[in-house]
2 protein chains.
Amino acid sequence: MPRDTTSTRERLLDAGGRQFAATGFAGTSVDAVSRDAGVNKERIYAYFGSKRRFFDHVLTHRLDGLLDGLDLDGHGEDALGRWAGRLWDRYAADPDVARLLAWESLELDEPAAAVQRVSSCSEVASHLRDALAVPDDASARQLLLSVVMLVTSAWTLTALTALVAPGTAAAARRTAVVEHATALARATLLVSPRPGR
Amino acid sequence: MPRDTTSTRERLLDAGGRQFAATGFAGTSVDAVSRDAGVNKERIYAYFGSKRRFFDHVLTHRLDGLLDGLDLDGHGEDALGRWAGRLWDRYAADPDVARLLAWESLELDEPAAAVQRVSSCSEVASHLRDALAVPDDASARQLLLSVVMLVTSAWTLTALTALVAPGTAAAARRTAVVEHATALARATLLVSPRPGR
DNA sequence: CTAGACGCCAACCGTTCGGTTGGCATAGGG
DNA sequence: CCCTATGCCAACCGAACGGTTGGCGTCTAG
């Protein structure tokens, strides 16, 4: 068997994503992750330092994949709505990410710290800023953060909707989420203080 | 010091509510709860059986207090909106309950099992059924569940709103939540299948 | 060809976990 | 006034926790 360190790292991150999403930070043991990955747990400490920092790496990794190449098409608030829709599709394709974000906001000290850290963030934020005429990068970053989290919450809400109304088609729930996220994003824009305006 | 068993139970339930709300089920140790309550941890097992069943007791206890005497005033969808507003006020007065619900839905097997178990539930559900012409008790119970959970999520949403717009007054955030919850409750009613209609 | 750096693992460390046990003190019925 | 049931606690249990260590095998620079 050839030696492949990047594959080892990847297997650990994948297993970490599964385990943390399923049982949270406190509920997941480092042993379980290493067992799931088929790798000795000492590798986690060699690669990532501590359980806590490993969680950050896992979340950042998954968020990078979630936001990679997800750009606004066009300008105006409709573009924001379509963008939220495609973001929704990615959440639906990989429910673990939504759970990871929920866990982080509940049990970790700094809420959504990883969201602000994600590498694709500033790029998407600048697009949002251009399309929506938000003055500076800091507030655009905040806006992006809020929209991401809104869609996350909306995803949970539709899961509930599905529970209440089992027959509802997934497509209908998707459009409901898009409109919901768009409306809330507009409201967020509205209440957000804009200096120099 | 006089012996007072109900006070011992109460102190454990209170401490359990604080600890579970702060760090979740897996993140809370039975020792920490007993230390917080100033009671030996063996009492938890004598009174409630296991850590898991103790969590159920804590959540049911807090939910009973949350929903106690919270009735619909009047009829129609506006009444539902006002009801959601008062529910929101109670959530705001005791944020622990919202966190407990969020924890349960994330990390425990059966989502919202305690919500369906709460003693005040059927009473409130019958009021909702009358006001909104929902056919049978089962679907009314589901409706109540969804509304409660919607408002719970709304709590997360406003926490985010506060983060994005720190200067926004709490009152403004409340009305936003009420409208939000009302609209979503109406949507839930809309997509919910109603037999015999 | 060889020396050392490095990926990797088995085994181990002290601590904390959920849960149990034995006994002391007290309350209340006879 | 005693006897039993019960509230309560200190101490304990095996297991599992996050984290570390020593050494084995394998790549690679010189």
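By convention in this document, chain letters (A, B, ...) are assigned in the order of the sequence lines, proteins followed by strands, and residues within each chain are numbered from 1.
- Taking the side chain as every heavy atom from C-beta outward, B/Phe54 and B/Thr28 never approach each other to under 4.5 Å.
- Protein atom CG of A/Leu12 is 11 Å distant from nucleotide atom C1' of C/dC8, rounded to whole Å.
- Separating the CD atom of A/Gln19 from the C1' atom of D/dG18 is a distance of 16 Å, rounded to the nearest angstrom.
- With a 4.5 Å cut-off on side-chain heavy atoms, B/Phe55 and B/Leu100 count as touching.
- Among the protein residues, A/Phe54 comes within range of no part of the nucleic acid, since none of its heavy atoms lies under 4.0 Å from any strand.
- Separating the CZ atom of B/Arg43 from the P atom of D/dA10 is a distance of 13 Å, rounded to the nearest angstrom.
- An OP1 or OP2 oxygen of D/dC8 is reached within less than 4.0 angstrom by a side-chain nitrogen or oxygen of B/Thr8.
- Atom P of nucleotide C/dG7 and atom CZ of A/Arg11 are separated by 15 Å, given to the nearest angstrom.
- Applying the 4.0 Å criterion to OP1 and OP2 of D/dC8, one finds that B/Tyr47 has a side-chain N or O inside that range.
- Checked for salt-bridge contact, A/Arg18 and A/Asp14 miss the test: no charged N lies under 4.0 Å from a carboxylate O.
- When all heavy atoms of B/Asp31 and B/Lys41 are compared, the closest pair comes out as OD1-NZ, 3.4 Å.
- At least one side-chain heavy atom of B/Tyr47 sits less than 4.5 Å from a side-chain heavy atom of B/Thr5.
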Protein-proximity profile, nucleotides 15-22 of chain C, B/S/- by nucleotide at the 4.0 Å heavy-atom cutoff, equals --SBBBB-
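- Between B/Asp94 and B/Arg90, none of the side-chain N atoms (NZ, or NE/NH1/NH2) sits under 4.0 Å from a carboxylate O, so this pair counts as no salt bridge.
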